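Below: the structure, in structure tokens.
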2 protein chains.
Amino acid sequence: MNKENSCPLNYTMNLIGTKWKPLILFHLLEGDLRSGVLQKKIPGISNKMFTQTVRELEKDGLVFRTVFPVVPPKVEYGLSKRGESLEDILRSLDTWGLNDCQD
Amino acid sequence: MNKENSCPLNYTMNLIGTKWKPLILFHLLEGDLRSGVLQKKIPGISNKMFTQTVRELEKDGLVFRTVFPVVPPKVEYGLSKRGESLEDILRSLDTWGLNDCQD
DNA sequence: GCAATAACTTACTAAAAAGTAATATAGTTA
DNA sequence: TAACTATATTACTTTTTAGTAAGTTATTGC
């Protein structure tokens, strides 16, 4: 079981190579969103997975999380500089899917 | 549980959004490779996962598989046209990782 | 003073992914 | 004739991922 990365691609995949992470990052490209609004943009994600995934993205410094101390709670998510640097990749993945599924 | 794709990115992720698929496709960018050679380029992948993954890629038309009827067996894998169309994305993912991990 | 609210959090269960190790194949070479 | 080879395949177990449903919070509006 070799855990080292064989190439930078491996490193990238360890960061964002999951089912939900690219989707969440993609929707944040249009701007910061409240937790509930962002979650509604991702059909099929469960409450648990949503929280878990954004928290991992936050831990990895790809998104930031702003908590407004009000009741009921208000939380906003947005892309960090590091997250924004994925923009081209995220849009390429989306465009590729768009073209490919038309064939 | 909504299973429909919310955007083309979702479609793309369903095709290649796993731990090993992008890695395998990436190594095939340099040209066709024998099964064993390709597998050795992917540290940490088990025998089972390797076979399983290339077979899925084949099923999805991203790679082709050529079997030479010799003993011991010889099998070559290569990118299909559809697989090749992922080149920019794969290289972007690799380059992103390269730049990011230097910070 | 009680329900409604948004954003979790937790405990528990179920499902999916991955690892391990044994087995198959059949010509070639020692 | 027995071992060696490359490429799987299979059965089984472990690990990881994900889903479900209930509970928490503290203020506001009724």
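Proteins get letters first, then strands, A, B, ... in listed order; numbering begins at 1 in each. Every value quoted in this text rests on a predicted model; they were computed, and no experiment measured them. Below, all heavy atoms of this structure are taken into account, side chains as well, without hydrogens, waters or symmetry copies.
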Does any non-hydrogen side-chain atom of Leu29(B) lie less than 4.5 Å from one of Leu25(B)?
no

Contacts of Ser46(A) and Val67(B) projected onto DNA chain D by closest heavy atom; the upstream (5') one is Val67(B)

Whole-Å distance, Lys19(A) NZ to dA17(C) C1', equals 13 Å

Atom CZ of Phe68(B) and atom P of dT5(D) are separated, to the nearest Å, by 21 Å

Donor-acceptor pair (no angle test) under 3.5 Å: Lys74(A) side chain, dA6(C) base:
no

When rounded to whole Å, the CD1 to P distance for the pair Ile42(A) and dA18(D) reads 14 Å

Review point. Distance check: side-chain N/O of Ser35(A) vs OP1/OP2 of dC8(C), anything under 4.0 Å?
Key: yes

The nucleotide from dA18(D), dT9(D), dA7(C) with an atom nearest the side chain of Lys48(A) is dA18(D)

To the nearest angstrom, the CG-C1' distance between Asn47(A) and dA22(D) comes to 12 Å

Ranking dA6(C), dA8(D), dA6(D) by distance to the side chain of Pro72(A), first place goes to dA6(C)

Contacts satisfying side chain to side chain donor-acceptor pair (under 3.5 Å) that involve residues 67-85 of chain A (not counting sequence neighbours) are Tyr11(A)-Arg82(A), Arg65(A)-Tyr77(A), Arg82(A)-Asp100(B), Ser85(A)-Trp96(B)

Notebook entry, point to check: For Tyr77(A), which contact category applies under a 4.0 Å heavy-atom criterion: base, sugar-phosphate, or nothing?
Noted result: sugar-phosphate

Less than 4.5 Å apart, any side-chain heavy atom of Leu90(B) and any of Asp94(B)?
no

Next on the checklist: Less than 4.0 angstrom between a side-chain N/O of Arg34(A) and OP1 or OP2 of dA7(C), yes or no?
Outcome noted: yes

- Are any non-hydrogen side-chain atoms of Asp60(B) and Lys21(B) less than 4.5 angstrom apart? yes

Give a yes or no on whether the backbone of Leu93(B) and the side-chain of Thr12(A) come within a donor-acceptor separation of less than 3.5 Å.
yes

Closest to the 5' end of DNA chain C, once Val71(A) and Arg55(A) are matched to their nearest nucleotides, is Val71(A)

When rounded to whole Å, the CD1 to C1' distance for the pair Ile45(B) and dA18(C) reads 10 Å

Between dT7(D) and Arg65(B), is there an OP1 or OP2 to side-chain N/O distance shorter than 4.0 Å? no

Here the distance between atom P of dA16(C) and atom CH2 of Trp20(A), to the nearest Å, is 14 Å

Gln52(B) atom CD is separated from dA17(C) atom C1', nearest whole Å, by 8 Å

Between CZ of Phe50(A) and C1' of dA21(D) the distance, given in whole Å, is 19 Å

